[in-house]
Structures are given as C-alpha cells and as structure tokens.
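Notes for the one structure printed next.
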Amino acid sequence: MTVRVRFAPSPTGYLHVGGARTALFNWLFAKKNGGQFILRIEDTDTQRSTPESERSIIEDLKWCGLSWEEGPNVGGAFGPYRQSERVRAGIYEEHVKRLLNSNSAYYAIYELKNDKKIVKKTTSEEEANDFRKRGHAVTVIFKIPSGKTIFNDMAKGEMKFENSTFDDFVIVKSNGYPTYNFAVVVDDHLMKISHVVRGEDHLTNTPKQIMIYRAFEWKEPAFMHIPLILGADRTPLSKRHGGTSVDYFRSYGIIDKAFVNYLALLGWAVKNEIFDPFKMVKAFDLEKLSLKPVTFDYAKLEWVSGQHMRNMPVEELIEKFKAWLRENYPIGEKWFENKEYAEKVVEICRQKVNTFRVLKSFVEPFFVEKPTPTKDAKEILDSSYVQSYLLPFFDVIEKMDNWDVEEIEKVIRGIASNENISKKRFFQLLRAALLGQTVTPGLFESVYVLGKKRTLDRIQNILNAK
RNA sequence: GCCCUCAUCGUCUAGUGGUCUAGGACACCGGCCUUUCACGCCGGCGGCUGGGGUUCGAAUCCCCAUGAGGGCGCCA
C-alpha cells in the first residue's frame with residue numbers, strides 16, 4: 001500500500017508551532033515510507049478563512065523546509081485541494097445525497113426566526129427545498145447509528161466508544177458548505193489518504209468520522225493522534241507564553257533547520273539531539289513518539305539554534321542570514337558586498353550568538369563606517385583617559401607589518417602592561433572605540449578582521465572627536 | 001456534567017520485572033578558561049503523583065484515586 005498522508009490547515013490565522021510539528025511528522029512519515037505528502041486547505045469557514053492566511057501558512061511550511069507532492073498551486077491527480085473549490089465542484093453535495101438516500105442523514109428544518117430550534121426532520125430533498133424557499137434555515141445532520149465504534153490508534157492502541165455518547169451532528173451548514181467532520185472524510189477517502197496523523201484534539205472526532213466512513217461503506221485510513229504542545233504552565237501554548245506562530249520564531253531569528261530540529265525533538269528521543277531532520281528520515285519512527293503533551297521550551301529552542309549557528313558551513317549560514325535580513329533588516333543586505341570580509345565577520349560573531357537577531361547586532365558595527373556607541377560604550381569613550389591610551393595603540397598598530405591574530409594580541413597586551421591601565425579597562429576601551437559596544441566577539445580576532453586600515457580609521461575618528 | 005487521552009528531575013526524555021543507590025540533554029548553581037558577553041570544558045542540585053494489589057522482586061504489570069490535556073459548535 002502506498003503511504004499517502006496530508007496536512008490540512010484551515011487558513012484562519014498563522015501557522016502554529018503545533019501545526020508545524022504535525023506537518024513535519026506527516027512529512028517525515030511519508031518520506032520514510034516512500035509515500036506522498038499532500039497539502040489540503042480546509043477553508044470551509046467562510047467567515048474566517050482568508051487568502052492571506054493561506055499564503056502565510058504555505059510560506060511558513062516552505063520555510064520549515066517542507067514540500068508536498070500535491071496541493072493548491074501544485075496540482076495533483078486528486079484535486080482540487082482547496083475545499084471551497086471542491087464545494088463548487090459539487091463533490092460534497094453528491095456525497096450528502098448518498099447519505100440521505102441510505103437514511104444515514106436527514107435534513108433539519110429550523111424555526112423561522114430561530115436557527116437553533118429544529119421544527120422538522122426529513123430526508124426528502126423536495127420538502128427541504130420547499131422550506132428553504134420559505135426562508136427557513138436548513139442543514140443536513142448525520143444520524144449516529146447505534147452500537148460501538150472501535151478503531152486502532154497507531155500510538156494509543158484500541159479506542160472504543162459507545163455511539164450513544166455522541167449526538168447527531170451537522171454535516172452540511174445552512175449556507176451549503178460541508179462541516180469539518182464531513183469534509184475530511186470525503187476528502188481523505190477521495191484523495192486516497194492512507195494514514196491520518198493529527199493532533200490529539202481530534203481524537204474524539206475520530207469515531208464520528210469513522211461512522212461516516214462506515215455509512216459510505218468505505219474503508220477508513222489508519223489513525224494516529226499526537227500530543228499537543230503546551231506552555232510552561234501546562235496550559236495550551238498561547239501568546240502569553242511568548243510566541244506561538246512559526247512566523248514569530250522566524251523573525252525572532254531562529255535558524256530554520258534548528259526550529260524543525262527542535263520540533264522533531266519534542267517527543268522524539270534521539271541520542272544526538274542536534275541533527276538535520278531532513279537527513280533523519282530513516283531513523284524516524286512515528287510509533288516511537290512520546291504520548292504525553294509536551295511543554296514548549298523556548299530556552300532549549302535557542303540552544304538548538306545556537307548549535308546550528310556554529311555547526312553549519314559559513315556559506316550556508318550567510319545565505320540564511322541574508323534571507324533573514326531581507327525580511328527584517330533590509331539595509332543589512334549590502335553588508336555582504338564584500339564577501340570575503342563579511343564571511344570573516346560572521347565567522348567570529350557566530351561563536352557567541354544563538355539567533356539571527358543577536359547575530360545582526362554583533363555583526364553590524366563591523367559594517368558601518370562609524371558605529372553608534374551604546375550607552376556603556378559612550379560612557380567609556382567620554383572619559384578623560386581615552387586619548388592617552390588610544391594614541392599609543394594607534395602608533396603601534398600603524399607600525400605593524402604582520403597582520404595576524406597572535407601578533408595583534410601581543411601588541412595589545414604590551415600596551416596594557418606598559419601603560420597605567422588594567423587589561424580589562426583597556427580592552428573595554430578598545431571595544432568601545434572600535435565597535436561602539438562593550439560586548440563583542442574576541443577582541444584580537446575583531447581587530448584582525450577589521451584590518452589595519454579600518455582599525456586605524458576608527459581610532460582616528462575617536463581621537464578627532466576629542 | 002458526560003466521553004476520551006496521558007502521567008520518570010523545573011523542561012524534553014532513556015528505561016519495557018532484577019544490570020536503577022533511575023541514565024542523557026536544556027535550564028539552574030559552582031568552578032575552569034579568560035579580554036567583556038558568550039562558546040567550550042569540569043562538577044553540582046534535581047525525578048519514578050498517591051494508595052492498593054500481582055510477584056521472590058516493581059519506574060516497569062493490574063485496579064482505584066489524583067492531576068493535567070482534549071472533545072461534546074452550522075470552528076477546524
């Protein structure tokens with residue numbers, strides 16, 4: 001059997017980290033089994049669905065590195081892949097009729113001014129249309145059969161539900177659109193989905209859906225429900241906890257691979273925690289996922305990001321960093337005109353930061369003509385002793401022939417011990433003078449990367465301002 | 001209220017009846033390195049939700065309790 005899985009977001013907001021994780025696990029499962037990963041847009045909520053949301057969800061999925069064989073704007077043999085388009089194609093309508101005919105569903109006619117109160121149930125289309133013409137709201141309701149519904153969840157084992165614990169439920173709204181529980185069944189079946197892997201919030205929807213499968217006499221796919229992501233206080237992850245959308249972490253400056261790495265880590269035990277999830281498909285095993293709701297740990301995410309920051313080839317990091325700058329700090333893109341210099345700068349800065357946002361602040365002073373001093377740096381530069389230590393530094397640097405880190409270190413240490421100043425103060429003074437910050441990459445490396453000319457120019461600038 | 005799921009350090013987890021005085025990672029604390037902040041290295045703190053069983057033996061199996069999460073929409 002070919003594995004076909006899908007991710008089916010509703011375009012009513014941003015892609016949530018939980019959604020991203022679900023999508024990732026589906027993707028991983030598909031790849032591992034040589035199957036297909038399908039994207040379907042569930043936009044049957046005409047009030048809340050927006051095209052912008054669909055766009056941003058798709059963009060965020062792509063940022064995560066996910067790709068799909070079938071979906072909107074991609075096509076495929078089982079399209080269309082937007083439910084609104086499927087409504088227009090009459091796909092659900094045709095299936096509702098079958099349910100009506102087999103007595104598995106009925107029309108509900110509501111009181112004229114009260115669309116909560118059902119005044120009549122019927123399976124006659126004619127009768128329903130009649131009422132509709134007279135202004136009554138009409139829906140189609142699925143009739144819960146008697147008995148039990150039993151299925152096997154891939155993670156949790158046998159699930160058994162008494163059908164009597166469920167109430168008949170609406171499958172077609174009065175505006176003609178199918179409801180979620182109905183549309184998923186029809187689409188998953190028609191799209192030949194073999195495994196439905198989704199959040200645990202859908203667990204109790206599953207028996208309802210299975211009842212529909214059985215009413216159609218269709219074979220249902222395999223189901224697996226994965227735990228939800230919670231915040232530190234064990235309540236559902238929300239804005240109060242920090243960010244919840246993929247978009248948030250993206251602009252926060254988390255590296256894409258690290259984000260996906262962390263998502264995979266949530267519930268998946270591996271020996272080496274830092275990895276490229278896309279190279280781990282063989283090792284991936286859905287059924288080994290942990291069953292308990294997981295807490296989203298922002299600190300660990302940052303750590304994972306930092307690991308990737310340092311491990312990945314600089315060229316690759318720079319590509320990603322440039323993409324981040326394009327979206328968040330466009331003037332930073334021109335920093336990379338001098339590729340060789342930029343590479344060196346990034347190389348020394350990446351050693352100490354975890355996110356692009358912080359990388360940007362480390363890197364920036366290397367690229368601007370005259371760095372704007374931070375408050376701390378300004379305080380140092382305003383003090384009276386500045387000239388007396390910067391002058392000898394200038395002279396010594398100017399005389400240097402071999403421009404290498406060891407030599408620079410020797411020279412700087414030399415001044416610190418000759419002059420009447422502590423190493424710490426002197427080093428901080430140089431940081432402030434050269435980079436306008438008191439927190440910088442290693443001082444000797446910084447001077448080395450800046451190069452002789454820039455170093456001299458910057459010192460000259462400070463001296464002139466005195 | 002009814003139904004469903006889950007339960008090992010603060011967090012993510014290893015563990016599948018004896019090798020567990022419960023292992024790792026993040027966080028935290030201390031130290032080293034040292035030029036700031038970090039990175040890195042070393043060390044420390046810290047946990048089997050409770051109660052009953054089953055068994056020679058339970059983190060591991062069963063039951064109950066408790067706690068947490070989810071569902072019970074013309075939302076998905």
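Everything numeric here is computed off the predicted structure, so don't read it as measured data. So you know, we letter chains A, B, ... as the sequences are listed, proteins then strands, and number each from 1.
The phosphate of B:U36 (OP1 or OP2) has no side-chain N or O of A:Thr438 nearer than 4.0 angstrom. Taking only side-chain nitrogens and oxygens, A:Lys424 never comes nearer than 4.0 Å to OP1 or OP2 of B:U35. Close to B:A76, at under 4.0 Å from its OP1 or OP2, lies no side-chain N or O of A:Gln209. Distances shorter than 4.0 Å separate none of the side-chain N or O atoms of A:Arg310 from OP1 or OP2 on B:C39. Dashed line: the shortest gap from a side-chain N or O of A:Arg431 to OP1 or OP2 of B:A38 is not under 4.0 Å. An OP1 or OP2 oxygen of B:U13 is reached within less than 4.0 angstrom by no side-chain nitrogen or oxygen of A:Lys300.
The base of B:C74 is paired with the side chain of A:Ser174 by a donor and an acceptor separated by under 3.5 Å. With hydrogens and angles ignored, a donor-acceptor pair closer than 3.5 Å exists between the side chain of A:Asn205 and the base of B:A76.
Base pairing analysis places B:C28 opposite B:G44; the two distances defining the Watson-Crick or G-U wobble pair are each below 3.5 Å. Shown here, B:U21 forms no base pair; nothing in the strands shown gives a Watson-Crick or G-U wobble contact with both key distances under 3.5 Å. The partner of B:A59 is absent, by the rule that a Watson-Crick or G-U pair needs both atom distances under 3.5 Å. When both distances must be under 3.5 Å, the Watson-Crick or G-U wobble mate of B:C75 does not exist. Nucleotide B:U16 is matched to nothing when pairs are restricted to Watson-Crick or G-U wobble geometry with both distances under 3.5 angstrom. Across the strands present, B:U66 finds its partner in B:A7; the criterion is a Watson-Crick or G-U wobble pair with both atom distances under 3.5 angstrom.
Residues passing the side chain to side chain donor-acceptor pair (under 3.5 Å) test with A:Glu200, sequence neighbours excluded: A:Lys156. Every residue meeting the side-chain contact (heavy atoms from CB on, under 4.5 Å) condition with A:Asp45, not counting sequence neighbours, appears here in chain and number order: A:Gln47, A:Arg48, A:Ser49.
To the nearest angstrom, P of B:U34 lies 19 Å from CG of A:Leu430. Going from atom CG of A:Leu228 over to atom P of B:G69 covers 11 Å, rounded to whole Å. In this structure, the CD1 atom of A:Ile254 is 14 Å from the C1' atom of B:C26, given to the nearest Å. Between the P atom of B:A76 and the CG atom of A:Asp187 lies a distance of 12 Å, rounded to the nearest Å. Summarising the geometry, the separation between CZ on A:Phe169 and C1' on B:G73 is reported as 12 Å, rounded to the nearest angstrom. In this structure, the CD1 atom of A:Ile415 is 14 Å from the C1' atom of B:U35, given to the nearest Å. Straight-line distance from the OH atom of A:Tyr262 to the P atom of B:A27: 12 Å, rounded to whole Å. Going from atom CG of A:Leu237 over to atom C1' of B:A68 covers 16 Å, rounded to whole Å.
With respect to A:Glu70 and A:Arg4, a salt bridge is recorded, a charged nitrogen being found less than 4.0 Å from a carboxylate O.
Classified by interplanar angle (parallel below 30°, tilted 30° to 60°, perpendicular above 60°), the ring pair A:His225/A:Phe223 is parallel. Note: A:Trp27 and A:Phe278 have perpendicular aromatic rings, judged against thresholds of 30 and 60 degrees for the angle between ring planes. Aromatic ring pairs are classed by plane angle as parallel below 30°, tilted from 30° to 60° and perpendicular above 60°; the pair A:Phe37 and A:Trp68 is perpendicular. Using cut-offs of 30° and 60° for the angle between ring planes, the A:Trp403 and A:Tyr448 rings count as parallel.
For B:U55 and B:A22, the P atoms lie 27 Å apart once the distance is rounded to whole Å. Using P as the reference atom, B:A38 and B:C28 are 10 Å apart when rounded to the nearest Å. Here, B:C26 and B:C9 have their C1' atoms 12 Å apart, quoted to the whole Å. One C1' atom belongs to B:G23, the other to B:U19, and the distance between them is 13 Å to the nearest Å. Taking the P atoms as reference points, B:U54 lies 24 Å from B:A7, given to the whole Å. Atom P of B:C12 sits at a distance of 16 Å from the matching atom of B:C48, rounded to the whole Å. For the P atoms, the distance from B:C41 to B:G53 is 49 Å, rounded to whole Å. Between B:G50 and B:A58, the distance separating the two C1' atoms is 16 Å to the nearest Å.
Annotation: salt bridge (charged side-chain N to carboxylate O under 4.0 Å, His left out) contacts involving residues 161-186 of chain A, sequence neighbours excluded, comprise A:Lys148-A:Glu162.
Taking for each of A:Ser10 and A:Lys288 the nucleotide of RNA chain B with the nearest heavy atom, the 5'-most of the two is the partner of A:Lys288. Remark on RNA chain B: of its neighbouring residues A:Arg413 and A:Arg21, the 5'-side contact belongs to A:Arg21, judged by nearest-heavy-atom nucleotide.
Among the heavy atoms of the strands lying under 4.0 Å from A:Thr44 are primed sugar atoms or P, OP1, OP2 only; no base atom is included. Residue-level contact check: A:Gln83 touches neither bases nor backbone, having no heavy atom under 4.0 Å from any strand. Within 4.0 Å of A:Gly199, counting heavy atoms only, lies no atom of the nucleic acid at all. Residue A:Pro441 is classed as a base contact, given a heavy-atom separation below 4.0 Å to a base. Across all strands, A:His202 comes closer than 4.0 Å to base atoms (heavy-atom distances). A:Phe426 comes within contact range of no nucleotide atom at all, as no heavy-atom separation falls under 4.0 Å. Across all strands shown, A:Thr139 has heavy atoms under 4.0 Å from base atoms, whether or not it also approaches the sugar-phosphate.
Aromatic ring centroids of A:Phe427 and A:Phe444 lie under 6.0 Å apart. For an aromatic pair to be called close, the ring centres must be under 6.0 Å apart, and A:Phe249 with A:Phe296 satisfies this. Taking the six-membered ring wherever Trp is involved, the centroid distance between the rings of A:Phe25 and A:Trp268 does not fall below 6.0 Å.
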Can you check nucleotides 4-8 of chain B for protein contacts, nitrogen or oxygen pairs under 3.5 Å, and list what you find?
residue : atom : partner  : partner atom : Å
B:U5    : O2'  : A:Lys156 : NZ           : 2.7
B:U8    : OP2  : A:Lys292 : NZ           : 2.6

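Set against B:A76, B:C75, B:A25, the side chain of A:Asn181 has B:A76 as its closest nucleotide. Counting only heavy atoms from C-beta on, A:Asp45 has its side chain closest to B:A76 among B:A76, B:C12, B:U36. The side chain of A:Asp201 approaches B:G70 more closely than any other nucleotide in the set B:G70, B:A27, B:U36.
Non-hydrogen atoms lying under 4.0 Å from RNA chain B are contributed by A:Gln351, A:Lys352, all within residues 347-368 of chain A.
Separation of atoms NE2 (A:His95) and CG (A:Leu100) is listed at 13.5 Å; rounding is to 0.5 Å.
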Give the table of side-chain donor-acceptor pairs shorter than 3.5 Å for residues 176-185 of chain A, with sequence neighbours excluded, one pair per line with atom names and distance.
residue  : atom : partner  : partner atom : Å
A:Thr179 : OG1  : A:Val170 : O            : 2.9
A:Tyr180 : OH   : A:Arg198 : NH2          : 3.3
A:Tyr180 : OH   : A:His202 : ND1          : 3.1
A:Asn181 : ND2  : A:Gln209 : OE1          : 2.8

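With hydrogens and angles left out, the side-chain atoms of A:Arg425 and A:Gln428 include no donor and acceptor closer than 3.5 Å.
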